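In what follows, every chain begins at residue 1, and chains take the letters A, B, ... in the order their sequences are listed. Note that the structure is a prediction, hence the values are computed from the model and not measured.
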Amino acid sequence: MTTSPPRPAPIDGETLVDWFAATARPLPWRAPGVTGWGVLVSETMLQQTPVNRVLPIWEEWMRRWPRPSDLAAASQGEVLRAWGKLGYPRRAQRLHQAAAAIAADHGDVVPADVDTLLALPGIGAYTARAVAAFAYGKRVPVVDTNVRRVVARAVHGAGDAGPPSTTRDLADVDALLPAEDAPAAALSAALMELGQVVCAVRSPACERCPIAADCAWQHAGRPAYAGPPKKVQKFAGTDRQVRGKLLDVLRDSPGPVRREQLDAVWSDAGQRDRCLDSLLVDGLVEQTDDDRFALPGEH
DNA sequence: AACCCGTGGCC
DNA sequence: TGGCCAAGGGT
């Protein structure tokens with residue numbers, strides 16, 4: 001069949017890469033000489049956490065633990081303290097575990113192969129490809145929430161991305177990448193940056209967009225998002241909030257604390273106990289011989 | 001697929 | 001104020 005005309009490429013990769021080269025923020029993990037380890041730490045910290053909050057913590061971690069084996073040698077409690085209030089402390093716990101595996105099984109060097117990365121704790125579809133592309137310059141589709149939004153708008157003409165589908169999302173982005181490793185990796189970085197600083201969720205800065213002339217969403221008159229409603233998770237009153245309060249007490253204490261100190265942070269005793277139990281099960285908290293509670297390895 | 005997992009800033 | 005969002009991953 002030849003009746004289907006070729007669809008014009010809505011994303012001009014070279015234009016986008018040039019724009020990135022001229023305007024990219026000088027984030028420290030993008031600096032020359034940053035290792036795969038530095039990139040992995042940054043990508044893990046950036047999961048669901050804004051850049052500005054990650055910056056000082058990443059600097060501290062790189063100074064303190066410049067290699068995976070350095071982090072692996074630290075106690076879990078030290079790692080959780082250094083993670084501070086970045087949120088989702090299980091990310092820190094899994095990064096600690098990944099560091100131990102990298103030190104033991106991969107010569108203390110973060111792997112460059114996507115499947116090898118995926119086998120490490122806390123590294124999923126996004127982070128594995130981000131490390132392969134940004135640390136090692138590989139041609140792999142890197143799909144995060146920003147890239148999904150850019151593709152939804154520029155390629156599909158929709159107001160925003162619908163529900164994620166790893167397989168379809170990877171294929172969409174793969175189709176945009178040039179054949180060679182280096183330019184593909186450069187485009188991956190540029191797509192993410194565009195989604196963050198220009199093609200934003202609210203009030204996108206289309207007047208500053210380097211590819212606005214080819215954007216399907218522009219041509220369609222910038223229609224509003226028409227997909228299924230996105231579910232927003234509650235936080236106030238949830239176990240997540242209570243676990244955070246409990247852990248905050250332990251982070252603020254130099255050593256083990258008594259049960260009463262933990263009881264003070266939440267009035268609902270049933271929920272409090274359930275959350276403390278879950279933290280013990282998760283290995284984020286340990287109970288001492290005298291029935292006090294501490295961060296793992298700190299008693 | 002749907003739900004759980006922290007934290008803080010913005011409008 | 002409270003919904004919404006932020007470079008996701010695990011189950």
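For the pair Y88(A) OH and dA7(C) C1', the interatomic distance rounds to 14 Å; values are reported in whole Å. Rounded to whole Å, atom P of dG9(C) lies 16 Å from atom CD of Q93(A). Regarding Y225(A), its OH atom lies at a distance of 10 Å from the P atom of dC5(C), rounded to whole Å. Per the geometry, CE belonging to M192(A) stands 11 Å off C1' belonging to dG8(C), to the nearest Å. Nucleotide dG6(B) holds its C1' atom 13 Å from the CZ atom of R94(A), rounded to whole Å. Rounded to a whole Å, the CD atom of Q233(A) is 7 Å from the P atom of dC4(B). If you measure from atom CG of D144(A) to atom P of dA6(C), you get 10 Å, rounded to the nearest angstrom. Atoms CZ (R202(A)) and C1' (dA6(C)) sit 10 Å apart, rounded to a whole Å.
In this structure, V54(A) reaches neither bases nor backbone, as no heavy-atom distance under 4.0 Å exists between it and the strands shown. Across all strands, L27(A) comes closer than 4.0 Å to base atoms (heavy-atom distances). Within the nucleic acid shown, A236(A) has no heavy atom closer than 4.0 Å to any nucleic acid atom. Within the 4.0 angstrom heavy-atom criterion, no nucleotide atom of any strand lies near W83(A). Nucleic acid contact class of R251(A) (heavy atoms, under 4.0 Å, all strands): sugar-phosphate only. Residue R53(A) is in base contact, counting any heavy-atom pair closer than 4.0 Å across all strands shown. Residue contacts for T145(A): at a heavy-atom cut-off of 4.0 Å it reaches the sugar-phosphate backbone alone, with no base atom in range. Using a 4.0 Å heavy-atom criterion, one finds that R25(A) contacts the bases of the nucleic acid, with or without backbone contacts as well. R129(A) comes within contact range of no nucleotide atom at all, as no heavy-atom separation falls under 4.0 Å. L86(A) comes within 4.0 angstrom of a base, heavy atoms only. As judged by a 4.0 angstrom heavy-atom cut-off over every strand, G124(A) is placed among residues touching the sugar-phosphate backbone only.
Contact annotation: the side chain of F293(A) never approaches that of E286(A) to less than 4.5 Å [non-hydrogen atoms, C-beta and beyond]. Contact of the V109(A) side chain with the I102(A) side chain is not registered, since no non-hydrogen atoms from C-beta on lie closer than 4.5 Å.
Heavy-atom nearest nucleotides on DNA chain C were determined for K234(A) and for S42(A), and the one closer to the 5' end corresponds to K234(A). Positionally, the nearest nucleotide of DNA chain B for D239(A) lies more toward the 5' end than for the other of P50(A) and D239(A). Comparing P89(A) and S165(A) against DNA chain B, the residue whose closest nucleotide sits nearer the 5' end is S165(A).
At a cut-off of 3.5 Å, with distance as the only test, a side-chain donor of R91(A) or T49(A) sits close to an acceptor on the other residue.
Between E260(A) and R292(A), no side-chain nitrogen of the basic residue sits less than 4.0 Å from a carboxylate oxygen of the acidic one, so the salt-bridge criterion is not met. With salt bridges taken as basic N to acidic carboxylate O contacts below 4.0 Å, one links D174(A) and R139(A). Under a 4.0 Å N-O distance rule, the pair R64(A)/E78(A) qualifies as a salt bridge.
By the 6.0 Å and 45° rule, R272(A) does not stack over the aromatic ring of W266(A).
At a cut-off of 3.5 angstrom, the base of dT7(B) holds no donor-acceptor pair with the side chain of R240(A). Checked by distance alone, T44(A) brings no side-chain donor or acceptor within 3.5 Å of a matching partner on the base of dG8(C). Under 3.5 Å, the side chain of Q196(A) and the base of dA7(C) form at least one donor-acceptor pair of N or O atoms.
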Quiz item: Checking salt bridge (charged side-chain N to carboxylate O under 4.0 Å, His left out) for the pair K245(A)/D248(A): CA distance, chi angles, key distance, verdict?
Solution: CA-CA 5 Å; K245(A) 285 179 176 291; D248(A) 200 37; over 6 Å; no
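Phosphate proximity of dG8(B) to K85(A): present, with a side-chain N or O under 4.0 Å from OP1 or OP2. Side-chain nitrogen and oxygen atoms of R148(A) include none within less than 4.0 Å of the OP1 or OP2 phosphate oxygen of dG8(C).
Of the listed nucleotides (dG6(B), dA7(C), dC5(B)), dG6(B) has the atom at the smallest distance from the side chain of T49(A). For Q47(A), whose side chain is taken as the heavy atoms from C-beta onward, the closest listed nucleotide among dT7(B), dG8(C), dA7(C) is dG8(C). Here dA6(C) is the nucleotide among dG8(C), dA6(C), dT7(B) with the atom lying nearest to any side-chain atom of V201(A). Counting only heavy atoms from C-beta on, V232(A) has its side chain closest to dC4(C) among dG8(C), dC4(C), dG6(B). Here dA7(C) is the nucleotide among dG8(C), dA7(C), dG8(B) with the atom lying nearest to any side-chain atom of N146(A). The side chain of R90(A) lies closest to dC5(B) when the candidates are dG8(C), dC5(B), dT7(B).
Rounded to a whole angstrom, the distance from the P atom of dC11(B) to that of dA7(C) is 16 Å. Here, dG6(B) and dT11(C) have their P atoms 14 Å apart, quoted to the whole Å. The separation of dA1(B) from dA6(C), taken at their C1' atoms, amounts to 23 Å, rounded to a whole angstrom.
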